[in-house]
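A, B, ... follow the sequence lines: proteins, then strands. Residue 1 opens every chain.
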2 protein chains.
Amino acid sequence: MPALQQTNNLPATSFAVLGLLSFGPMSGYDLKQFADRSISHFYWSPAKSQIYSELRRLKQAGLVTEQHVQQQTRPDKRIYEITEEGRNQLAGWVGHSELEPAVFKSTFLLRVFLGRAAGHEALLHLLQQHLAQEEAMLAHLQEAQEECSPYSDDSLYSLLTIRAGVHITEATIKWSHEAIAAIHSLHPDSQTHTETGALDPA
Amino acid sequence: MPALQQTNNLPATSFAVLGLLSFGPMSGYDLKQFADRSISHFYWSPAKSQIYSELRRLKQAGLVTEQHVQQQTRPDKRIYEITEEGRNQLAGWVGHSELEPAVFKSTFLLRVFLGRAAGHEALLHLLQQHLAQEEAMLAHLQEAQEECSPYSDDSLYSLLTIRAGVHITEATIKWSHEAIAAIHSLHPDSQTHTETGALDPA
DNA sequence: CTCCACATGTAAAAGGTTACATGATTAG
DNA sequence: CTAATCATGTAACCTTTTACATGTGGAG
């Protein structure tokens with residue numbers, strides 16, 4: 001007899017889709033919306049085409065079932081539902097797989113690293129832009145956090161991921177200020193480039 | 001008359017390679033080593049095969065030149081050198097291209113988000129593991145920082161990227177403690193899972 | 001009347017990793 | 001003698017994005 005079969009060679013992205021389905025049955029279309037409002041901040045915002053192909057793969061692996069739903073007013077749907085086997089595989093992956101390092105790929109930091117090629121003036125401008133974007137991101141995350149707080153059984157895990165975003169974004173903002181100050185202290189002559197756009201300095 | 005020609009449709013990764021070449025002429029082999037010791041922490045650690053194909057692309061675009069170097073004791077090399085045009089394109093990309101968001105793809109946070117599927121005990125264990133890894137990362141970054149400090153004209157930009165890593169890693173560690181505490185406070189019965197491995201609790 | 005939401009997919013291309021292939025020298 | 005370093009590349013594969021393709025109903 002084959003022991004607890006371990007068909008488990010699926011990539012993380014398959015588990016992402018499977019994991020979203022663990023919240024309830026959904027169509028590919030629903031899944032895309034849900035992903036964009038949940039895991040997009042720390043994992044990925046899938047292309048539609050990829051969702052549909054992941055669903056085919058999960059179905060073939062027996063981790064989800066497909067149900068055709070006819071509609072007259074709207075296009076027909078296919079509703080996907082996680083199976084018992086799907087829940088088992090998911091629990092194993094979430095709880096007991098190897099920790100793999102996160103992918104962090106910042107073209108912005110690459111540009112900072114190559115700053116010499118552009119000069120400190122251009123770099124300062126870039127940093128100001130970056131700072132503004134991060135501040136906007138922080139505001140956005142704090143809003144999401146308000147909607148979730150406080151820590152409770154229901155919102156615990158999603159709130160934790162939002163808190164991770166808040167911590168990291170705050171750190172990035174602190175770093176930006178430090179970086180701007182460091183460049184200024186080495187180049188006291190350089191412009192501040194604050195986003196004024198002021199027409200009348202009166 | 002065609003204004004300042006803008007052949008510039010290259011992906012960020014090409015500029016990463018071009019940027020490394022702005023530090024001096026190198027072979028593909030050298031480039032791989034250099035990348036692993038510089039931009040790997042915030043951008044990417046390239047596969048050899050990709051380096052060589054990027055070099056072909058850059059050469060074709062006229063941004064680098066190739067020089068064949070014969071060696072008797074070692075395999076022959078090809079040394080690549082950035083051109084004037086290459087430096088111009090690089091300066092434009094670093095200083096004046098659009099800021100694009102960083103790719104941040106954490107399977108770890110995905111697993112936290114899906115924590116319900118595995119239960120808080122497994123999650124706590126995962127968080128402890130993560131915390132240990134991040135602490136090791138912080139130590140590694142602080143070491144790199146020592147070798148670079150203090151801020152100076154020469155080391156400014158690379159030190160800035162290391163500092164970014166330090167800020168973000170510290171934030172991640174703080175978050176981990178918060179997350180562990182939050183789970184404990186909602187599940188007071190759960191084990192601490194500190195990495196004891198103790199054989200003799202005497 | 002026009003745009004948006006609903007709903008699913010195919011095809012092509014790009015980005016990136018892994019495995020394969022080769023082969024000399026040097027350090028232990 | 002064995003492993004690591006030097007040195008370059010091809011082929012196959014996987015993941016992911018973008019563009020293409022289609023069509024209805026409701027809201028403004």
S.K.: Between D:dT16, C:dG9, C:dT17, spot the one nearest the side chain of A:Arg78, thanks.
M.R.: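 The nucleotide sitting nearest to the side chain is C:dG9.
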S.K.: Do the numbers put B:Arg111 on top of the ring of A:Phe15, so that NZ or CZ is under 6.0 Å from the six-membered ring centre and no more than 45° off the axis?
M.R.: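 No, cation not above the ring by the 6.0 Å, 45° rule.
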S.K.: Would you say the side chain of B:Val94 lies within less than 4.5 Å of the side chain of A:Leu123, judging by non-hydrogen atoms?
M.R.: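 When only atoms from C-beta onward are counted, B:Val94 and A:Leu123 do touch, with a gap below 4.5 Å.
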S.K.: Rounding to a whole Å, what distance do you find between B:Ile51:CD1 and D:dG9:P?
M.R.: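 Whole-Å distance recorded here is 12 Å.
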S.K.: OP1 or OP2 of D:dT15 less than 4.0 angstrom from a side-chain nitrogen or oxygen of B:Lys105, does that happen here?
M.R.: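 So the side-chain polar atoms of B:Lys105 never come under 4.0 Å of the phosphate oxygens OP1 or OP2 of D:dT15.
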S.K.: With a 4.0 Å cutoff (strictly under), does any side-chain N or O of B:Gln50 reach OP1 or OP2 of C:dG15?
M.R.: no
S.K.: For B:Leu10 and C:dA14, give me the distance from atom CG to atom P, rounded to whole Å.
M.R.: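 Value for this atom pair: 13 Å.
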S.K.: Whole-Å distance between D:dC20 C1' and A:Tyr52 OH?
M.R.: 15 Å
S.K.: Under 6.0 Å from the six-membered ring centre of A:Tyr52 and within 45° of its axis: does the NZ or CZ of A:Arg78 meet both?
M.R.: no
S.K.: Can you figure out which of C:dG15, D:dG9, C:dG9 approaches the side chain of A:Tyr80 most closely?
M.R.: C:dG9
S.K.: So do the side chains of B:Tyr43 and A:Phe113 get within less than 4.5 Å of each other, counting heavy atoms only?
M.R.: no
S.K.: Please give me every residue in residues 18-26 of chain A whose heavy atoms get under 4.0 Å of an atom in DNA chain C, ordered by residue number.
M.R.: none
S.K.: Please determine, for the side chain of B:Tyr29, which listed nucleotide (C:dT8, D:dT10, D:dT8) has the closest atom?
M.R.: D:dT8
S.K.: Between A:Lys48 and A:Tyr29, is there a donor-acceptor pair closer than 3.5 Å when you use the side chain of the first and the backbone of the second?
M.R.: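 Side chain of A:Lys48 to backbone of A:Tyr29: no pair is present.
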S.K.: So what does B:Lys32 touch, heavy atoms closer than 4.0 Å: a base, only the sugar-phosphate, or nothing?
M.R.: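 Nothing, no nucleic acid heavy atom in range.
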S.K.: Taking the side chain as everything from C-beta on, heavy atoms only, tell me whether A:His125 gets closer than 4.5 Å to A:Gln129.
M.R.: yes
S.K.: Nearest of D:dT16, C:dA11, C:dT8 to any side-chain atom of A:Thr13?
M.R.: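 Side chain of A:Thr13 sits closest to D:dT16.
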S.K.: Between D:dC6 and B:Ser27, is there an OP1 or OP2 to side-chain N/O distance shorter than 4.0 Å?
M.R.: no
S.K.: Take A:Ser53 and A:Pro75, find for each the nucleotide of DNA chain D with the closest heavy atom, and name the residue whose nucleotide sits nearer the 5' end.
M.R.: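 Comparing both residues, the 5'-ward one is A:Ser53.
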S.K.: Starting from P on D:dA7, measure out to CG on B:Leu31 and report it in whole angstrom.
M.R.: 13 Å
S.K.: Can you tell which of C:dA7, C:dG15, C:dT10 lies closest to the side chain of A:Arg56?
M.R.: C:dT10
S.K.: Between A:Lys48 and B:Glu66, name the one whose nearest nucleotide on DNA chain D is closer to the 5' end.
M.R.: B:Glu66
S.K.: Are B:Val64 and B:Val17 close enough that some pair of their side-chain heavy atoms sits under 4.5 Å apart?
M.R.: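 B:Val64 does not reach B:Val17 side chain to side chain.
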S.K.: B:Tyr43 has an atom OH; how far is it from atom P of C:dG15, in whole Å?
M.R.: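 About 10 Å, once rounded to whole Å.
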S.K.: Choose from D:dT17, C:dT17, D:dC6 the nucleotide whose nearest atom is closest to any side-chain atom of A:Ser49.
M.R.: D:dT17
S.K.: In this structure, which one of B:Glu85, B:Glu66, B:Glu81 forms a salt bridge (Lys or Arg N to Asp or Glu O under 4.0 Å) with B:Lys59?
M.R.: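 The salt bridge (Lys or Arg N to Asp or Glu O under 4.0 Å) with B:Lys59 is passed solely by B:Glu66 among B:Glu85, B:Glu66, B:Glu81.
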S.K.: Give the nucleotide from the list D:dA7, D:dT17, D:dC6 with an atom nearest to the side chain of B:Gln33.
M.R.: D:dC6
S.K.: When the distance from NZ of B:Lys77 to P of D:dT8 is rounded to whole Å, what number comes out?
M.R.: 8 Å
S.K.: Below the 4.0 Å mark, does C:dC6 have OP1 or OP2 next to a side-chain nitrogen or oxygen of A:Gln71?
M.R.: no
S.K.: Grab the CZ-C1' distance between A:Arg57 and D:dC13 for me, whole Å please.
M.R.: 12 Å
S.K.: Can you check the A:Leu55 CG to C:dG9 C1' distance for me, whole Å?
M.R.: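 So the CG-C1' distance, A:Leu55 to C:dG9, works out to 12 Å.
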